[in-house]
> 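This structure is in structure tokens; I'll ask about it shortly.
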2 protein chains.
Amino acid sequence: MQKAISQAVIKRLPRYYRYLGELMDEGIERISSSELSQRMKVTASQIRQDLNNFGGFGHQGYGYHVPTLYNEIGNLLGVNDHHNMIIIGAGNLGRALANYENFSKRGTSIIGVFDNDPSVIGSVTGKHQIKDIKGVEAFVKEHGVDIAAICIPKSAAGEVAKNLAGLGVRAFWNFSHMDLELPEEYIVENVHLSESLMQISYMIQDQDKKREKDK
Amino acid sequence: MQKAISQAVIKRLPRYYRYLGELMDEGIERISSSELSQRMKVTASQIRQDLNNFGGFGHQGYGYHVPTLYNEIGNLLGVNDHHNMIIIGAGNLGRALANYENFSKRGTSIIGVFDNDPSVIGSVTGKHQIKDIKGVEAFVKEHGVDIAAICIPKSAAGEVAKNLAGLGVRAFWNFSHMDLELPEEYIVENVHLSESLMQISYMIQDQDKKREKDK
DNA sequence: TAGATTGTTAATCGATTAACAATC
DNA sequence: TAGATTGTTAATCGATTAACAATC
């Protein structure tokens, strides 16, 4: 563990993990960087560079042993760890996350869903009964929370995140339409859906322009 | 429109648009790249470079006129255009998207929500009555659809996307846990939520390792 | 051993930052 | 005009790709 791993590499790790999972399902034991590169549509060189950031998982003349590599990358990604997550905001998106089955398979358990709207507090979504946001402080202190998914409007998001950070929540999965301002030791992962959609919209526009020009 | 715009720049455009919207709300008429750089926490140089990809929106000695720039970037992003989107899969996530208000403000209307489960077909989520996926082909032909949001399990996603592509859907907003295999003229924007969460999990692990070592 | 494929160094490419002349 | 700030070129930095010696 010397040089820091670049963000570009970290972003690719879950995709490697996904493809290795598929190889496992297919019962494939062994794969070379060039075979994997064809499946994943990246260069073999990039695969070898990426994996070597974490030490030699491969064997010369053989390639990579799929179960081992799957496991190693899983460890890097913390899927064999355990993290607690709470969801702030029980709107449609908050509920969608609350009912996602996959997260717990990858080491993250949703242990609470909170809202401030009296008309939804107490109601049930999937396995979760929605709790009053007023109780979140006590809840975090009691249970210990690693990650908070922020699914509330931007008018409230900054304030809530700051409070949770003060209570020891280390990581924020931010779905609100703003940038959270937190000291840099806090982990923030943004998912801005409308910005994602706008990229599509840009690309459609751009395609139209090009097609117009080519006529 | 000579050199192609890099993906890195395109990804930043919606964020510029968001910050310019905030400036509009604050009634700020004029901003320099260095002021904006402080707000956005990027370099002024990057802002000037990015904007210049699209032509000279600024004025020397003055900076950028906020309403003009807001508008220009909006045009680039196609928010003044109009696109039709359908949602495939009316699970929690599909419903969350179906009920998002913001998209239509940015030029994309959701005109249909489809599922294959008889127990949900016909039921209503927000403004949408869920339609039978069997009717999607006729629907696309009748209404014209630019974008399909794919919110179904990976077992079905590839097949459905391929069919929709054949019917003239140009862009896919892919929330399924797989990579869509489509000819390259199709626009695909992936939102892999569990991979996003795994990045958080990685960073928590990584922080733990560092803290362990520093002791 | 011969063949295959990694780990790793070197070369290339692209993106970001710095610098400054142009100009409002 | 003097001051400010862009547009744009040049320098730097980082990430990707290519090449190949090491080695299983």
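Since the model is a prediction, treat every value here as computed from it, not as a measurement. In what follows, every chain begins at residue 1, and chains take the letters A, B, ... in the order their sequences are listed.
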> Which residue, Ile147(B), Val145(B), Leu182(B), Ile86(B), forms the side-chain contact (heavy atoms from CB on, under 4.5 Å) with Leu164(B)?
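Only match with Leu164(B) under side-chain contact (heavy atoms from CB on, under 4.5 Å): Ile86(B).
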> Can you label the angle between the Tyr62(B) ring and the His59(B) ring as parallel, tilted or perpendicular, going by 30° and 60°?
perpendicular
> If you take any heavy atom closer than 4.0 Å to DNA chain C, which residues from residues 30-48 of chain A end up in contact?
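Nucleic-acid contacts, sorted: Arg30(A), Ser32(A), Ser33(A), Arg48(A).
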> When you check the side-chain N and O atoms of Glu35(A) and Ser32(A), is any donor under 3.5 Å from an acceptor?
yes
> Apply the test salt bridge (charged side-chain N to carboxylate O under 4.0 Å, His left out) to residues Lys41(A) and Glu181(B): give CA-CA distance (whole Å), side-chain angles for both, the deciding distance (0.1 Å), then the verdict.
CA-CA 11 Å; Lys41(A) 303 199 173 123; Glu181(B) 309 273 359; 2.5 Å; yes
> Would Asn190(A) and Asn174(A) count as having a side-chain donor-acceptor pair, cut-off 3.5 Å?
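Result is yes, a qualifying pair exists.
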> How would you give the extent of chain A contacts on DNA chain D, as first and last nucleotide 5' to 3' within a 4.0 Å heavy-atom cut-off?
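So the contact region on DNA chain D extends dA15(D) to dC24(D).
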> Any idea how Tyr17(B) and Tyr70(B) line up, ring-wise: parallel (<30°), tilted (30 to 60°), or perpendicular (>60°)?
parallel
> Could you check which residues of residues 13-26 of chain B get a heavy atom under 4.0 Å from DNA chain C? Sort them by number, please.
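Nucleic-acid contacts, sorted: none.
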> With both distances kept under 3.5 Å, what pairs with dA10(D), Watson-Crick or G-U wobble?
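Pairing partner: dT17(C).
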> For Asn84(A) and Gly144(A), indicate whether the former's side chain and the latter's backbone hold a donor-acceptor pair under 3.5 Å.
yes
> With a 3.5 Å distance limit and no angle check, can you tell me whether Asn99(A) reaches the backbone of Arg95(A) through a side-chain donor-acceptor pair?
yes
> Can you see which heavy atom on His83(A) is nearest to which on Asp146(A), and at what distance?
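Closest approach of His83(A) to Asp146(A): CA-OD2, 3.3 Å.
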> Answer yes or no: is there an ion pair linking Asp208(B) with Arg170(A), defined by an N-O contact shorter than 4.0 Å?
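A salt bridge is present here (some side-chain N lies under 4.0 Å from a carboxylate O).
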> Provide the Watson-Crick or G-U wobble partner of dA4(C), both distances under 3.5 Å; none if there is no partner.
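When the pairing criteria are applied, dT23(D) turns out to be the nucleotide that pairs with dA4(C).
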